Amino acid sequence: MLKLIKYIDLIRIFIAILIGFILTIGIIYGVSEDASTTIWYFFLGPFSNISGMGNIFETATPLILTAVGTAIAFQAGLIYIGAGGAIFIGATMGTLIAIFSNAPTFIHIPFILLVALLAGAFIGYIPGYLRVKLRIHEFISSLMLNYIATFVGIYIIKYYARDMAAALLQSRELPKTAWFLRIIPGTRIHLGFILAIILSLLAYFFLYHTRWGYEIRMVGKNADFARFNGIDVNKVIVISTTLAGATAGIAGISEIMGIYHRFQWKALPCFSLEGILVVIIARNNPLLIIPVSFLIAYLKTGAQYAALIGDIPSEIVTIIISIIVFLVTAELFLEKWKQRLTFKEATKDELRS
Amino acid sequence: MNKDEAILELKDILKIYPNGVIACNKASLKIKKGSIHAIVGENGAGKTSLMRVVSGLEIPQEGDIYYQGEKVEIKNPFESIKRGIGMVHQHFMLVQGLTVAQNLVLGMEPGKYGVLNGKEIRSMASKISEKYSIEVPIEKKVRDIPMGIRQRVEILKALLRNSKVLILDEPTSMLTPQETERLFVTIQNLKKLGKTIVFISHKLKEVKAISEVISIMRRGRIIFTGDTRKISEKEMAQLMVEKTIPKNRIVRSEEIGEEVLKVDKLKYLDEEKRLRLNCISFKLRRGEVLGIAGIDENGQEELVHILNGLIKRYAGIVKIMGKNIKDKSSREIRELGVSCIPKDKLKYGVAQDASFLDNLIVNKYYKYPFLNGLRLNKSYISQYAHRLVNSFSIEVSKLEAPVSNLSGGNIQKVILARELSKKNNLVIAYEPSQGLDIGAIEIVHNLLFRAREQRVGILLISSDLDELLELSTRILVLYNGKIVAHLNNLENISQRDISPYMLGIKEERVET
């Protein structure tokens with residue numbers, strides 16, 4: 001029983017996911033002509049061949065990278081949703097530098113990553129700075145900055161790196177020295193995945209084992225307490241949004257270097273928002289971000305199969321994700337059950353006395 | 001089945017909070033109609049929880065409530081108010097920006113089609129105030145009136161809703177001795193008018209003075225109910241805390257050392273241009289306990305914030321260990337050997353949702369051996385925590401559990417353990433024992449005493465005169481941001497001598 005209480009929050013997430021699944025099956029039954037085939041492909045399609053499995057990894061990679069940075073800002077108690085803008089600017093600046101520079105791969109890649117990181121960090125720094133200096137809520141500034149970053153990014157690509165041969169707006173191709181290594185043949189799983197895993201481990205270490213992480217967490221738990229006890233709350237706020245922006249910058253360029261090899265976004269990529277949902281489901285824990293990202297990636301891949309072979313639109317995945325987010329954030333979801341468990345536990349221990 | 005004289009009866013109330021804390025452990029209680037019934041107990045004994053059950057703020061897992069001989073279920077505060085049970089909370093539930101009259105009628109405003117009738121509001125307010133002869137300034141805004149009057153507003157609010165049973169939760173904790181006396185007169189009056197009063201307190205002297213029946217709670221149970229006249233304060237204390245606590249008077253040492261704090265002509269205007277500190281000057285030396293007496297909101301909070309480096313826009317000079325703190329950050333000030341026990345524990349003292357460990361290291365995490373290179377040294381930190389748990393006898397079930405699971409007294413111990421287990425030159429103790437029970441207060445006082453023995457200078461800011469007289473070597477009285485009295489020799493000084501200064505009735509000529 002004690003064990004059950006310990007993992008109660010994890011169990012709650014699982015049950016939320018389960019309910020999401022069940023509802024999806026219900027919806028498919030209601031909508032699809034051949035429900036059983038669609039469901040089969042939805043849930044098992046991703047595992048039917050290597051490219052399906054690869055797809056899960058490819059989709060998970062940018063989710064993890066986006067979520068890791070956002071988790072740091074969330075841990076500081078900030079409602080920072082600016083990952084999208086930082087992804088966009090990280091990707092444009094990285095693309096620009098990749099096209100206009102030349103070096104052997106082992107120098108070129110780190111250099112491009114650094115540029116994307118700095119560009120993202122700059123975009124992340126702004127909401128933190130505005131919050132501290134002008135008391136503008138980071139939710140508003142980061143949301144607005146997403147729009148600004150999108151149009152600035154498109155402008156840069158259009159005027160400095162456009163591929164004139166293509167009809168649609170896209171950048172010229174990155175030189176081969178800037179391409180991420182594909183790790184597993186037959187898939188597009190690339191170096192970015194390893195980078196994502198390393199960064200989430202680093203973020204976990206940073207948050208729970210260093211003094212800066214401690215400061216961030218304390219500011220998030222109780223900013224008055226932190227300030228009263230000598231923590232420089234303003235500094236912590238600026239650092240957290242800057243770090244969130246920096247990793248999002250990496251998330252952006254990693255997609256370009258790993259998958260597309262050229263910049264071709266015309267709006268914020270969908271993983272920028274989904275990355276934030278991942279953080280919410282994972283309750284700001286960088287280690288939980290990895291499995292949650294995989295789950296979302298699996299659902300998205302499955303939905304693609306279901307749309308391709310079955311007869312439902314792939315947007316169905318959005319419904320599942322939304323349901324899961326609702327249930328995870330609903331503080332009272334299964335609260336009665338939790339109370340009953342605690343109640344039993346307490347009764348066992350102390351009522352005897 | 002019930003004796004008709006009991007207006008309220010509780011049977012086997014069991015209340016367990018979601019965090020597993022057993023607040024009421026099959027508590028049973030019978031309250032006679034028209035009596036003044038005191039409920040005493042240590043902090044965390046479950047007094048407030050039991051009354052929250054009665055007033056519908058908490059729903060118990062088990063147990064029955066009988067009201068006027070009839071079994072009732074109280075699922076929310078509206079039902080209890082409808083039945084005539086009114087509760088005055090320790091922390092008043094008033095809207096600061098509204099006038100007294102508006103607060104009184106809140107939720108039952110007279111008026112038509114959503115338009116308020118201001119005249120009617122005022123007449124309702126003045127009628128009820130006259131009926132019970134409880135005077136309140138009905139036109140003033142709540143934020144501009146002192147605590148004692150705010151409490152009268154709360155009592156009137158309950159009476160306006162036809163309360164037959166009035167529950168007062170720690171009603172004297174925010175009041176001066178004079179205000180307390182007035183409250184007691186009011187309570188006696190209400191009794192004469194047939195009201196039943198439930199008086200929750202841990203101040204035994206007051207309980208003895210006002211109540212007729214006393215119930216003692218210990219660890220969620222009512223362990224004694226009887227006639228107040230037949231039980232002595234000492235017996236009450238014994239029942240409350242299981243063991244007797246010897247009340248040692250602290251021996252004063254005369255050794256006084258170097259100056260640790262010097263405040264010179266300190267002035268502070270707040271954001272609303274109110275003068276919160278008006279040219280105050282004092283010095284504090286090692287081995288001294290300088291008491292600052294005063295009723296809440298007379299500049300204490302601002303002084304503490306300035307000493308902690310949270311307020312920078314002040315005039316005058318503040319020196320700690322000979323260093324001007326004007327340009328120093330909070331962290332730099334703490335590094336001069338300053339520790340602070342804040343008054344608002346949950347706001348400044350702890351991060352409730354953070355773990356016990358995290359709360360314990362907030363003033364040391366950035367230093368060796370807590371920090372080893374880049375890493376927090378988790379094994380050292382938990383060893384250290386175990387040591388503090390033992391030496392301060394903090395009751396913690398798990399070091400990683402959030403401190404919100406702890407009782408008020410234990411949270412205070414966490415703060416004390418953290419602040420006093422560090423090399424200190426100056427300790428600022430701001431209401432260190434407010435809201436604590438006798439046992440915990442004794443521990444706090446002993447710890448402060450021990451700190452003084454270790455040649456620390458202690459600035460004790462408190463509104464509790466007992467505490468100030470027991471611990472201080474000197475006392476200053478703060479009124480309206482000004483020091484209105486310097487009491488350097490406390491030998492023949494009693495509470496009665498200090499309170500006129502606290503209330504601003506008396507002021508000594510101060511020459512510096």
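These numbers were taken from a predicted model, which means no experiment stands behind them. Below, read A as the first sequence line, B as the second, and so on, with proteins coming before strands; counting in each chain starts at 1.
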Given B:Leu374 and A:Trp212, is the side-chain contact (heavy atoms from CB on, under 4.5 Å) satisfied, shown in steps?
CA-CA 9 Å; B:Leu374 273 180; A:Trp212 304 290; 3.3 Å; yes
Please list, in residue-number order, every residue in residues 414-423 of chain B that has a heavy atom less than 4.5 Å from any heavy atom of chain A; write 'none' if there are none.
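If one takes a 4.5 Å heavy-atom cut-off, the residues of residues 414-423 of chain B near chain A are B:Arg418, B:Glu419.
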Which residues from residues 324-339 of chain B are near chain A, with near meaning under 4.5 Å between non-hydrogen atoms?
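The list, in residue order, reads B:Ser330, B:Arg331, B:Arg334.
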Calculate, to the nearest 0.5 Å, the distance between atoms CG and CZ belonging to B:Asn372 and A:Arg211 respectively.
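It is 13.5 Å, given to the nearest 0.5 Å.
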Could you go through the side-chain contact (heavy atoms from CB on, under 4.5 Å) check for A:Thr210 and B:Arg375 one step at a time?
CA-CA 5 Å; A:Thr210 69; B:Arg375 280 185 86 122; over 6 Å; no
Shortest non-hydrogen contact between [X] and [Y], atoms and distance:
X: A:Phe225; Y: B:Gly349; value: CE1-O, 3.1 Å
X: A:Asn222; Y: B:Leu346; value: ND2-O, 3.2 Å
X: B:Tyr348; Y: A:Asp224; value: CD2-O, 3.7 Å

Can you say whether A:Phe205 sits under 4.5 Å from chain B via the side chain, the backbone, both, or neither, judging by heavy atoms?
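Just the side chain, heavy atoms under 4.5 Å.
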Among the options B:Asp353, B:Asn377, B:Val350, pick out the one with the most heavy-atom pairs lying under 4.5 Å from chain A.
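It is B:Val350.
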Do you know which of B:Asp344, B:Asn308, B:Asp358 has the most heavy-atom pairs with chain A at a distance under 4.5 angstrom?
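Result: the option with the highest number of such pairs is B:Asp358.
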Over 12 non-hydrogen atoms of neighbours within 6.0 angstrom of [atom1] in [X]:
X: A:Phe122; atom1: CZ; value: no
X: A:Lys235; atom1: NZ; value: no
X: B:Tyr314; atom1: OH; value: yes

Kindly indicate, with the supporting measurements, whether the criterion side-chain contact (heavy atoms from CB on, under 4.5 Å) is fulfilled by A:Tyr214 and B:Val362.
CA-CA 9 Å; A:Tyr214 175 82; B:Val362 74; 3.3 Å; yes
Heavy-atom distance under 4.5 Å to chain A: side chain of [X], backbone, both or neither?
X: B:Lys378; result: side chain
X: B:Asn363; result: neither
X: B:Leu310; result: side chain

If you measure only the distance, is there a donor-acceptor pair under 3.5 Å linking the side chains of B:Tyr365 and A:Glu215?
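Side-chain D/A pair, B:Tyr365 to A:Glu215: present.
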